[in-house]
Structure formats: structure tokens, C-alpha cells
Amino acid sequence: MVAHQNDTDPTGISDFLLNCFVTSPFWQLWLSLPLSLLFLLAMGANTTLLITIRLEVSLHEPMYYLLSLLSLLDIVLCLTVIPKVLAIFWFDLRLISFSACFLQMYIMNSFLAMESCTFMVMAFDRYIAICHPLRYPSIITDQFVVKAVIFIVARNVFISLPIPILSARLYYCGRNVIENCICANMSVSRLSCDDVTLNRLYQFAGGWTLLGSDLILIFLSYILILRAVLKLKAEGAVAKALSTCGSHFILILFFSTILLVFVLTHVAKRKVSPDVPVLLNVLHHVIPAALNPIVYGVRTQEIKQGIQRLLKKGW
């Protein structure tokens with residue numbers, strides 16, 4: 001595909017074309033239905049969770065504020081990625097403007113990092129609740145949540161900012177076809193005629209610094225939780241704590257694993273189909289978003305009761 005020439009544009013092009021599943025275009029047909037269902041589930045479940053926490057006074061507590069933040073991040077990520085992917089699948093609307101592409105890139109990088117950081121804060125919340133229950137009300141306060149949200153947003157907004165800037169400043173001289181469903185940093189920057197070593201190094205260092213440090217602290221929190229839980233003497237307390245924290249940890253592990261597999265498939269791209277990292281990249285923006293409100297929200301007794309009360313009021 002010949003690039004669109006634009007004399008006033010220093011990049012040499014004015015837009016990109018998103019080319020999904022190069023070697024297996026038939027994937028678009030069977031993937032569109034489950035992807036749209038996952039998108040509707042993610043949007044519906046997270047919206048329900050946000051409304052329930054907003055309207056139920058009994059849920060106006062720090063733990064549920066963190067759940068609200070997680071749901072908000074999931075909604076933004078889904079809206080940033082999935083509608084465009086479905087538009088490509090259904091209507092072949094592959095064109096995306098230069099500015100829209102780098103905006104999508106920035107939102108994806110910053111909000112995924114915010115989600116990882118939110119998981120870390122929630123793991124700390126569970127650690128205090130189980131390991132130091134008497135100190136919980138004095139540590140996990142509304143002020144703590146405000147400070148945590150400021151830290152989550154500030155850290156990831158500023159550290160992720162150079163990623164689209166470094167890609168946008170490159171000179172795109174010939175090709176404008178992105179071999180991906182979304183504007184992933186490496187998929188876009190490899191179209192450039194410039195040296196992209198700095199882009200790759202910053203993406204790698206920034207990603208592992210943010211997500212790696214979060215994951216280490218999450219593992220540490222759950223190890224301490226597990227050690228404290230095994231010391232509990234109350235009947236049923238161990239099973240209840242393990243059930244709750246176990247499901248949370250599995251979800252976090254899934255979030256991290258699918259990201260790790262995506263990175264590894266990019267590293268070993270000669271040995272795997274190029275469609276595999278594309279598929280993982282798309283699914284990583286919708287599957288956790290669909291599962292988070294179910295595992296963190298619906299399985300929580302107080303939220304289930306809050307949803308039931310709202311449904312009764314609605315009827």
C-alpha cells in the first residue's frame with residue numbers, strides 16, 4: 001500500500017491503515033462475535049458495578065472506591081480499542097488518522113499501567129485487611145485512596161508519555177500499513193525509516209519497570225496474606241480468605257501472563273505466526289475487563305446485595 005503523501009506533514013504521511021490478521025484473515029469472521037459479546041459484558045458489568053457503588057451508601061468505603069477506579073480504567077481501555085477493531089472486522093474501516101493512532105497508543109500504554117498499579121494497591125488493601133485487621137480503619141482511609149489515585153495517575157501518565165512522543169517524532173517515509181488491529185508502539189514505529197532503538201529500549205525498560213515492580217509487590221502481598229491465612233483458627237475463615245484472595249490472585253496472574261506471552265511472541269516472532277501477538281494484544285484489552293467486575297465485584301457479598309437492592313428499586 002502506497003503511503004498518503006502530505007507536503008505539509010513532516011512525517012510524510014497523514015494516516016495509517018490497520019491490517020488485522022495478515023496470514024489468517026478468516027479469523028476476523030469467527031472472532032467478531034465472541035469479541036463483541038465480551039465487549040458488551042465488559043461494558044455492562046463495569047457500568048453496573050460503578051452505578052451500584054455510586055448509589056449504595058453502604059459501599060462508600062475505600063475498597064469499593066478502588067473497585068470503581070478499576071472499572072473506570074477497564075471501560076476506557078475497552079472503548080479505546082474494541083469499537084475500532086469491530087469496525088475493521090464488520091465494515092473494513094481500517095483507516096486511522098495519524099493523531100488518533102498515537103492518542104490510542106498513549107491511552108493503551110498509560111491505562112494498562114494504571115490498571116497494573118491499581119491491582120498492586122488493591123493487593124496492599126487485602127494484605128492490611130487480613131494481616132493487620134485492627135489497624136485497617138486507620139490505614140486504609142478515604143485520604144489513602146485519594147493519595148493512591150494521585151500516585152496511580154501521575155506515575156503512569158508521565159512515564160508513558162514518551163512512548164507516543166518518540167514514535168510520533170519518527171519520519172514515516174513510505175509504508176503506512178500497520179500489521180496489527182491497534183496502534184501498538186512497535187507495530188507503528190517499525191514502519192519508520194529512522195532508527196527505532198530508543199523506542200524499543202524505552203518501551204522495554206518502562207514496561208518492565210512499571211509492570212515488573214507492580215507484579216513483585218503483588219506477589220509479596222499475597223505471600224504474606226497466605227502465611228497469615230494459614231495461621232487462622234476460626235472455622236471456615238481459611239477457606240473464605242483463600243477463596244476470595246485466590247480468585248483475585250488468579251485474575252492478576254492472568255492479566256500478567258497474557259501480557260508476558262504477548263511480549264515473548266514478539267521476541268520470537270520468527271517462530272510463531274504474526275497473527276498470534278495481534279490476537280493476544282486485542283484479547284488483553286477485553287478479557288480482563290470482562291472478568292474483573294465479576295471476580296472482584298459480583299463475588300463480593302456486599303456488592304451482590306447492593307445490586308439486588310437496586311434491581312428491586314428498579315422494578
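Numbering of residues begins at 1 and proceeds along the displayed sequence. Because the structure is a prediction, the values reported are computed rather than measured. FYI, side chains are in, hydrogens and waters are out, and symmetry mates aren't considered; it's all heavy atoms of this structure.
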Heavy-atom check, side chain of Asp142 versus side chain of Tyr65, under 4.5 Å:
yes

Decide yes or no on side chain to side chain contact (heavy atoms under 4.5 Å, CB included) for Met114 and Val157, but give the supporting numbers first.
CA-CA 8 Å; Met114 286 185 207; Val157 161; 3.5 Å; yes

Least distance between heavy atoms, Leu210 atom then Ala113 atom
CD1-CB, 3.9 Å

4.5 Å side-chain heavy-atom contact, Thr209 and Ile159
no

Measure across Thr118 and Leu73 and return the closest heavy-atom pair with its distance rounded to 0.1 Å.
OG1-CD1, 3.5 Å

Applying a strict under-4.5 Å side-chain criterion to I, L, V, M, F, W and Y, I'd like to know whether Val145 and Ile150 cluster together.
no

Straight-line distance of Arg94 CZ to Cys20 SG, nearest 0.5 Å:
9.0 Å

Just by distance, do the side chain of Ser138 and the backbone of Arg135 share a donor-acceptor pair under 3.5 Å?
yes

Is the closest side-chain heavy-atom distance between Leu31 and Leu279 below 4.5 Å?
yes

So, taking the atom named CE in Met105 and the one named CG in Leu103, what distance separates them when rounded to the nearest 0.5 Å?
10.5 Å

Using the disulfide bond (SG atoms under 2.5 Å apart) rule, collect all pairs that involve residues 54-107, keeping only residues at least two apart or in two chains.
Cys101-Cys183

Pick one: which of Leu161, Thr80, Ile163 meets side-chain contact (heavy atoms from CB on, under 4.5 Å) with Tyr106?
Leu161

Which residues share a ring-ring contact (aromatic ring centres under 6.0 Å, His included) with His132, sequence neighbours left out:
Tyr127

Flag the pair His285 / Val85 as yes when at least one side-chain heavy-atom distance between them is below 4.5 Å, and no otherwise.
no

With rounding to the nearest 0.5 angstrom, report the CE to CG distance, Met186 to Asn180.
12.0 Å

Search all heavy atoms of Ala42 against all heavy atoms of Asn46 and return the closest pair with its distance.
O-ND2, 2.7 Å

Give a yes or no on whether the backbone of Arg190 and the side-chain of Arg175 come within a donor-acceptor separation of less than 3.5 Å.
yes

Leu59 and Tyr64: which non-hydrogen atoms are nearest, and at how many Å?
O-CB, 3.1 Å

Quick check: do Asn109 and Gln203 have side-chain heavy atoms less than 4.5 Å from each other?
yes

Same cluster or not: Phe91 versus Val81, using hydrophobic residues (I, L, V, M, F, W, Y) connected whenever any side-chain heavy atoms lie under 4.5 Å apart?
yes

CG/Leu310 to OG1/Thr48 distance, rounded to the nearest 0.5 angstrom?
9.5 Å

Give the cluster check for Ile82 versus Leu37: same hydrophobic cluster or not, with ILVMFWY residues linked at side-chain heavy-atom distances below 4.5 Å.
no

Side-chain heavy atoms of Phe119 within contact of Leu215, under 4.5 Å:
no

Hey, which of Pro162, Ser192, Ser167 is the one that makes side-chain contact (heavy atoms from CB on, under 4.5 Å) with Asn199?
Ser167

Do you know the tightest heavy-atom contact between Tyr172 and Ser189?
OH-CA, 3.9 Å

With the side chain counted from C-beta on, respond yes when Phe89 and Ser36 share a heavy-atom pair under 4.5 Å apart, and no when they do not.
no

Pair Phe102 and Phe98, ring centroids less than 6.0 Å apart:
yes

Looking at CG of Asn19 and OG of Ser187, how far apart are the two atoms once the value is rounded to the nearest 0.5 Å?
11.0 Å

Are side-chain heavy atoms of Asp74 and Phe111 found at a separation under 4.5 Å?
no

Does the side chain to side chain contact (heavy atoms under 4.5 Å, CB included) test come out yes or no for Leu50 and Ser68, once each step is laid out?
CA-CA 6 Å; Leu50 282 172; Ser68 297; 3.7 Å; yes

Consider only side-chain heavy atoms of I, L, V, M, F, W and Y, link residues closer than 4.5 Å, and tell whether Met122 and Val146 are in one cluster.
no

Worked verdict on Met108 versus Asn281 for side chain to side chain contact (heavy atoms under 4.5 Å, CB included)
CA-CA 10 Å; Met108 288 188 301; Asn281 213 342; 5.6 Å; no

Supply the atom-to-atom distance Ser110 OG to Ile152 CD1, rounded to the nearest 0.5 angstrom.
13.0 Å

Shared ILVMFWY cluster between Ile130 and Ile223, side chains joined below 4.5 angstrom?
no

Check the pair Arg309, Thr52 against side chain to side chain contact (heavy atoms under 4.5 Å, CB included), reporting the backbone distance first and the verdict last.
CA-CA 9 Å; Arg309 284 194 292 269; Thr52 302; over 6 Å; no

Correct closest heavy-atom pair for Ile139 and Phe144 would be O-CB, 3.5 Å

